[in-house]
2 protein chains.
Amino acid sequence: MFITQLFPKGLLAAVALLLSAQLNAAQSYSQTGQLVEKQRFELARFTTFGGKTIKQLQVGWESYGTLNEAKDNVVLITHYFSATSHAAGKYQHDDATPGYWDAIIGPGKAIDTDKYFVISVDTLANLNAYDPNVITTGPASINPDTGKHYGLTFPVVTIRDFVNVQKALLESLSIAKLHAVIGGSMGSMQALDWATAYPDWVPRMISVIGSGQSDAWTTALLEQWAIPIQLDKNWSNGDYYDKTPPTQGLTSALMFITQDALTPAFFNKTGRNLAYSPLEKGPLNDIRQQHSIVKWLKERAQSRAKLMDANHLLYLVRASQLYIAGHSGDMKQALSSVKAKTLFLPSFNDLLLMPYLAKDAVNSLEQLHKNTSYRELTGDLGHLNGVVGIEQAASDISAFLADKQ
Amino acid sequence: MFITQLFPKGLLAAVALLLSAQLNAAQSYSQTGQLVEKQRFELARFTTFGGKTIKQLQVGWESYGTLNEAKDNVVLITHYFSATSHAAGKYQHDDATPGYWDAIIGPGKAIDTDKYFVISVDTLANLNAYDPNVITTGPASINPDTGKHYGLTFPVVTIRDFVNVQKALLESLSIAKLHAVIGGSMGSMQALDWATAYPDWVPRMISVIGSGQSDAWTTALLEQWAIPIQLDKNWSNGDYYDKTPPTQGLTSALMFITQDALTPAFFNKTGRNLAYSPLEKGPLNDIRQQHSIVKWLKERAQSRAKLMDANHLLYLVRASQLYIAGHSGDMKQALSSVKAKTLFLPSFNDLLLMPYLAKDAVNSLEQLHKNTSYRELTGDLGHLNGVVGIEQAASDISAFLADKQ
């Protein structure tokens, strides 16, 4: 009763997402009876785009569907900033929610696991470092050379490094080509970088709520997420692993991320359910008290922060800031190498990665006479229309994947 | 040479504003030969909207033009969040820039000082507490009861308190009615609250880049400005006046405010002038280094922070969060008392106080059969179209002021 009062029907999916980066879906992959299993991929030695070495690199991955004999039915899903490789299905039948894109991944769904072998990989420095279902290497990992946590001695990693780890994993499975790569938000960065860096691997690329590069605006906006962590006195220049972690800074960063990924419409609906009022008595009487909507945001951020690492957030901010498709000085020039047919699905009211960013990439691809298309997602959720609202694009995605390249 | 390279023609005005909350204008009030003088207004005892007492309250004010004998030519200008009462003119002939709305305030300008007595007052808890031209009472002031800085013992103040201090000042000048009240952003909150609280005083009200109330979205967004200050270890729960102040937190807050008040278009122009690139070598090689656009933003914030007080920022955030025209539980009901003809001038690409906020207020006024109109400002500067770009509204403002009510 109380719960449904706070989060009526329409908001439930979004709220579930905010809490766990997962969503409810009509039919989950697990409902077919198959449970998802996390697997581990290791590389003894990995050289980053910036030329540094990471030893004993490990990442988690999961897959849905079956790899065919020709090994040519692979759809790679690249995940967004606060997500993991858990794109679909459940680990246990009683999991509260399935993976974040379960609405479009599964038997008979848009990304049909009766046809495709769908695979997804945890990024380096994955935000959810303490999630038992996540395997990642990042600042919170032990540096095998020193036996201590890396902290800020971990090398800067880029979107290209995420791509290269994924490629090494695919090669370890004797896969030499994708059917498609699809990602949302930070996942879209990986998807387009894949198509640019390894054009012979990628016949089809879908960018959801994405961009072609991080412009000055986006880089400054992403910096806002790093700042509260760096201000937290417990951050200690990233050297907090045997001490109290910078939980307040991390919580604040997650509050910013949540708001940036949503819209006034969503907040004001939530506000109505909280009986938010500008003139609430607590904040009127005491500068230390906060409005109901701020407390709501904070409580959710505190809950999410428990499985996350603050340094990992800084490294994901940096990877996203450094992003330019092709990872050279010129996006358009780099896009000239793309062989994929591409589809861009930004969200019309996205305040985080506004549609102009996808449009810029599409314009460049069109000028280069590439096969590209563009459609805006709708809904009240802004950036999260591409996560919680992804089902609206199901038929577009399905048709795009079925199309001969 | 270097300066003009960094900030070509079109950006100069905006950059000047970001640095000093003032702007260049074709003809400054001071060019008439008249210099502006800051004056002091004192109240022995003031009761806040929240029912607390402030003793020995002081605020600064300035005026342009001459009060007529009937004392019925008064135009009150209410200032925005990071501004002061310095709306027009110069204090010294060699001031780098005049007051922030000098483009529309002066002899022969939209707010014609040959006709009107224009007056502007520093708010309580004015952000620029250490500006020698600002007089304000706030957390940085000495509490006469204790001989110590108030810090967080200063009572929460509201937009209504700013209005009530202005009214007390006007009454001390034997003024009993305004010709008009006009304000931008946080100033628009004061302007509409004036029209709602004291309808017999206000025949004309102009809200520039404004809102009718702080909705849940706005309140959460404003909280983002408070958070970095509260995270700064030097903040010490606001008790830092005899110690190192929370300059890093304050600087971060100003970085957020600057970005929220601008647009991707502005940032990306600035980025081009900085030769910003996503893949800059510094941030690629070292997690501690930052992109050129971040450094640019930070340097400007550091420079502005020097005259500002961090606790004052928290109190202005709170005053803005608590804002609802009329300061009762219901905006529309409160607006029913408005007698003024009203004009709303939001900025079409405002990301801070989006146009829907002004439209909501206009819709309520229309439903109440009030005389109200709405026009969107244009330009590349988002929220700051209402400050730097105000000259575009000159003829609208001039006609609105000349019109019989």
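Just so it is clear: chains get the letters A, B, ... in the order the sequence lines come, proteins before strands, and each one is counted from 1. All values reported here derive from a predicted model rather than from experimental measurement.
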Are any non-hydrogen side-chain atoms of [X] and [Y] less than 4.5 angstrom apart?
{"X": "B:I227", "Y": "A:F256", "value": "yes"}
{"X": "B:L221", "Y": "A:F267", "value": "no"}
{"X": "B:T270", "Y": "A:W217", "value": "no"}
{"X": "B:Q321", "Y": "A:P283", "value": "no"}
{"X": "A:Q248", "Y": "B:Q230", "value": "no"}
{"X": "B:H291", "Y": "A:L322", "value": "yes"}

Given a strict heavy-atom distance threshold of 4.5 Å, which part of [X] is in contact with chain A: side chain, backbone, both, or neither?
{"X": "B:Q290", "answer": "both"}
{"X": "B:D260", "answer": "side chain"}
{"X": "B:Q213", "answer": "side chain"}
{"X": "B:T218", "answer": "neither"}
{"X": "B:S277", "answer": "neither"}
{"X": "B:K298", "answer": "neither"}

Heavy-atom closest contact (A:S214 atom, B:P278 atom, distance) |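 That would be O-CG, 3.4 Å.
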Which pair of heavy atoms, one from B:D286 and one from A:V156, lies closest together, and at what distance?
->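 Minimum heavy-atom contact is C-CG2, 3.9 Å.
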Please report the C-alpha distance between B:M354 and A:L351 in whole Å, then the side-chain angles of each, then the deciding distance to 0.1 Å, and finally whether the side chain to side chain contact (heavy atoms under 4.5 Å, CB included) criterion is met.
-> CA-CA 12 Å; B:M354 298 186 199; A:L351 292 167; 3.8 Å; yes
Could you have a look at [options] and say which one has the most heavy-atom pairs with chain B under 4.5 angstrom?
{"options": "A:Y315, A:Y276, A:Y323", "value": "A:Y276"}
{"options": "A:A319, A:S328, A:P264, A:P139", "value": "A:P264"}
{"options": "A:P155, A:G271, A:G50, A:S252", "value": "A:S252"}
{"options": "A:M331, A:R272, A:R288", "value": "A:R288"}

So for [X], is it side chain, backbone, both, or neither that comes closer than 4.5 Å to the heavy atoms of chain B?
{"X": "A:K281", "value": "neither"}
{"X": "A:T48", "value": "neither"}
{"X": "A:I293", "value": "side chain"}
{"X": "A:T158", "value": "side chain"}
{"X": "A:Y356", "value": "side chain"}
{"X": "A:L297", "value": "side chain"}

Look only at the side chain of A:N268 and the backbone of B:A216, and say whether a donor-acceptor pair between them is shorter than 3.5 Å.
->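 Confirmed, A:N268 side chain pairs with B:A216 backbone.
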How many angstroms lie between [atom1] in [X] and [atom2] in [Y], if you round to the nearest 0.5 Å?
{"X": "A:K233", "Y": "B:D232", "atom1": "NZ", "atom2": "CG", "answer": "11.0 Å"}
{"X": "B:T251", "Y": "A:L231", "atom1": "OG1", "atom2": "CG", "answer": "9.5 Å"}
{"X": "A:T153", "Y": "B:I287", "atom1": "OG1", "atom2": "CD1", "answer": "11.5 Å"}

Quick one: of B:H327, B:M255, B:K52, who has the most non-hydrogen atom pairs under 4.5 Å with chain A?
->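 Max contact count across the listed options: B:H327.
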